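Only one structure is covered here, and it is reproduced in the block below.
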Amino acid sequence: MWPPARVFAMTTIIRIDQPLDLGLTLQSGQAFRWRKARPSGGESGSQEWWHGFLQDEPVLLSQPSPGAPTLLIQCRRGTEAAVAARLRSYLRLDDDLPAVYRRFAADEHLAGTIQRLRGMRLLRQETWECLVGFICSGQNNVLRISLMMERMADAFGSATRLHGVARKTFPSPERLAEAGETRLRTLGLGFRAGPVAQAARLVADGEFPLAALREWPYEKAKETLMGLHGVGDKIADCVLLFSLEKPEAFPVDRWVRRAVEEWYGVKPRVARNGKPLKEAPYADVLAWAQARWGRDAGYANQYLFLGRRAVEREVGGMRTARV
DNA sequence: ACCATACCTCTCTC
DNA sequence: AGAGAGAGGTATG
């Protein structure tokens, strides 16, 4: 008899032929809405499950062990095939990561970082959610960004339930536009409430060509994104890299900046007035990275970011240990 | 063109 | 314990 009576959910298993560490990837600071979850009713054991959405479809994901060649998916009946396809796209399994690793092999810093972070992949996210997430990222940390995103969903998203996990989808531009700045402020967005509300209104009203950016070249798409209030170089590069098919994007935040300064000796240049700058200008770091890594700049960026942060945690690790 | 400052709020730190 | 700094940044003058 199939399915067996005790099976609470159909588990779809897919094989992957690319390096992947699912937990590391979902927690790598690119996306803010993946949460560890315990599906109810199953003998999930000690296995780690992640709950999130693929184009508004709630899913639970698990990888038996980091780097294992299989992925377990739970989703609503009837959505299995679509979800599996969306997941392959989301995880960019079409990127040949081993080839990227080979191109990085001679770079001692990247090679070292890859050893520790093998299987960390760039994601192909939905643009709207990605944009809002990174508008919220200024002067902020991952934990709080996630909280803000979750509160927006709780307030304005659509309810879903999957194997005991109740969560709401991330709200559309229309819904956030209706919400407005004041209401978003009450959700703890702080000074990011204005920019989020404005972007929502522009996208909802069709005054901002969010969907078209994917087809546009890097420079043009970036300029357009930076036309939005609250979107500068860094946030634009994040959205371009994580959701708009621009692998040459290279978001320069304090961690990446630290990495290129310390590991590659990228130094602030001397300004025209003769005084040395405090730090290398964004455009200088970007140009340097693109010259060095070309279309691999995005992967290099993500590895440098996590790699440099990992160093910090090792050094400071004992300090924060609770007893 | 460069620089300093304010912006909200939360968290960690001393 | 309570104040202060810092947090994956941006716009302004």
Side-chain angles (χ1 to χ4, degrees), chain A residues 24-33 113 117 120 122-123 125 130-152 180-199 222-243 249-262 268-286 289 297-298 300-313 315-323:
Chain A
L24 176 60
T25 299
L26 298 183
Q27 290 182 103
S28 63
Q30 302 176 66
F32 304 105
R33 292 209 69 211
T113 304
L117 304 176
M120 198 273 303
L122 289 174
L123 295 173
Q125 302 182 58
C130 185
L131 174 63
V132 175
F134 283 98
I135 288 178
C136 290
S137 72
Q139 285 293 91
N140 212 344
N141 54 63
V142 174
L143 207 65
R144 203 181 143 212
I145 300 166
S146 305
L147 198 65
M148 286 157 52
M149 296 292 278
E150 204 66 15
R151 285 199 285 244
M152 282 187 265
E181 173 176 354
T182 311
R183 183 75 175 81
L184 291 176
R185 238 166 229 279
T186 69
L187 300 179
L189 296 216
F191 62 81
R192 306 144 190 109
V196 169
Q198 189 193 40
K222 182 166 180 178
E223 281 172 24
T224 307
L225 276 173
M226 287 177 65
L228 290 170
H229 195 56
V231 179
D233 270 301
K234 190 269 179 184
I235 289 171
D237 271 325
C238 286
V239 178
L240 291 163
L241 181 59
F242 302 142
S243 77
F250 192 85
V252 183
D253 55 47
R254 58 198 312 117
W255 296 104
V256 169
R257 187 180 293 281
R258 236 169 269 178
V260 298
E261 282 174 4
E262 295 171 11
R269 61 180 165 76
V270 174
R272 289 187 194 169
N273 61 19
K275 289 180 193 162
L277 299 177
K278 283 199 179 121
E279 58 182 18
Y282 192 101
D284 289 10
V285 179
L286 176 62
N301 183 280
Q302 189 62 14
Y303 276 89
L304 291 179
F305 171 66
L306 284 191
R308 185 57 186 78
R309 295 191 71 183
V311 170
E312 200 78 1
R313 274 200 293 278
V315 173
M318 297 312 290
R319 202 176 54 214
T320 53
R322 295 281 184 285
V323 182

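Values in this document were obtained by computation on a predicted structure and should not be read as measured data. Below, chains carry the letters A, B, ... as their sequence lines are ordered, and counting in each starts from 1.
- The interatomic distance linking A/Asn140 (CG) with B/dC7 (P) rounds to 17 Å, in whole Å.
- Taking atom CG on A/Asn141 and atom C1' on C/dA5, their separation rounds to 14 Å, with Å as the unit.
- Using N1 to N3 plus N6-O4 or O6-N4 for Watson-Crick, or N1-O2 and O6-N3 for G-U wobble, each under 3.5 Å, B/dC8 pairs with nothing.
- Between A/Gln139 atom CD and C/dG9 atom P the separation is 7 Å, expressed in whole Å.
- Contacts of A/Leu187 with the nucleic acid, taken as non-hydrogen atoms under 4.0 Å apart, are absent.
- With hydrogens and angles ignored, no donor-acceptor pair closer than 3.5 Å exists between the side chain of A/Arg192 and the base of B/dC7.
- A 4.5 Å side-chain heavy-atom check between A/Gln125 and A/Arg33 finds every atom pair outside the cut-off.
- Taking only distance into account, the side chain of A/Arg144 meets the base of B/dT9 through a donor-acceptor pair shorter than 3.5 Å.
- Comparing the same atom, P, in C/dG4 and in B/dA6 gives a spacing of 15 Å after rounding to whole Å.
- The nearest whole Å value for the distance from the CH2 atom in A/Trp255 to the P atom in C/dA7 is 7 Å.
- Inter-residue side-chain proximity for A/Leu225 and A/Ile235 is flagged as unmet; no heavy-atom pair is nearer than 4.5 Å.
- Side-chain atoms of A/Lys222 and A/Asp233, non-hydrogen and from C-beta on, do get closer than 4.5 Å to each other.
- Annotation: of the two residues near DNA chain B, A/Glu181 and A/Leu143, the 5′-most nearest-nucleotide partner is A/Glu181.
- Between the CG atom of A/Asp233 and the C1' atom of C/dG8 there is a distance of 14 Å, given to the nearest Å.
- Between the side chains of A/Thr182 and A/Arg185, no donor N or O sits under 3.5 Å from an acceptor N or O.
- A straight line from OH of A/Tyr282 to P of C/dG9 spans 10 Å, rounded to a whole angstrom.
- Nucleotide C/dG8 forms no Watson-Crick or G-U wobble pair with any nucleotide shown, as no partner meets the under 3.5 Å limit on both distances.
- For the residue pair A/Met148 and A/Asn140, the shortest heavy atom distance occurs at SD-ND2, 3.3 Å.
- Within 4.0 Å (heavy atoms only), A/Gly230 reaches sugar-phosphate atoms of the nucleic acid but no base atom.
- Annotation: of the two residues near DNA chain C, A/Ser28 and A/His229, the 5′-most nearest-nucleotide partner is A/Ser28.
- Within 4.0 Å of A/Arg185, counting heavy atoms only, lie sugar-phosphate atoms of the nucleic acid but no base atom.
- Taking atom P in both C/dG6 and B/dT5, one finds a spacing of 14 Å when rounded to whole Å.
- Rounded to an integer number of Å, the gap from A/Leu228 CG to C/dT10 P is 12 Å.
- Partner assigned to C/dA1 is none, using Watson-Crick or G-U wobble distances below 3.5 angstrom.
- Within the 4.0 angstrom heavy-atom criterion, only backbone atoms of the sugar-phosphate kind lie near A/Arg254; the bases stay farther away.
- To the nearest 0.5 Å, atom CD of residue A/Glu262 and atom CG of residue A/Leu304 are 11.5 Å apart.
- Distance noted for atom C1' between C/dG8 and B/dC2: 23 Å (whole Å).
- When rounded to the nearest whole Å, the span between CD1 of A/Ile145 and C1' of C/dT10 equals 14 Å.
- A/Val142 comes within contact range of at least one nucleobase, with a heavy-atom separation under 4.0 Å.
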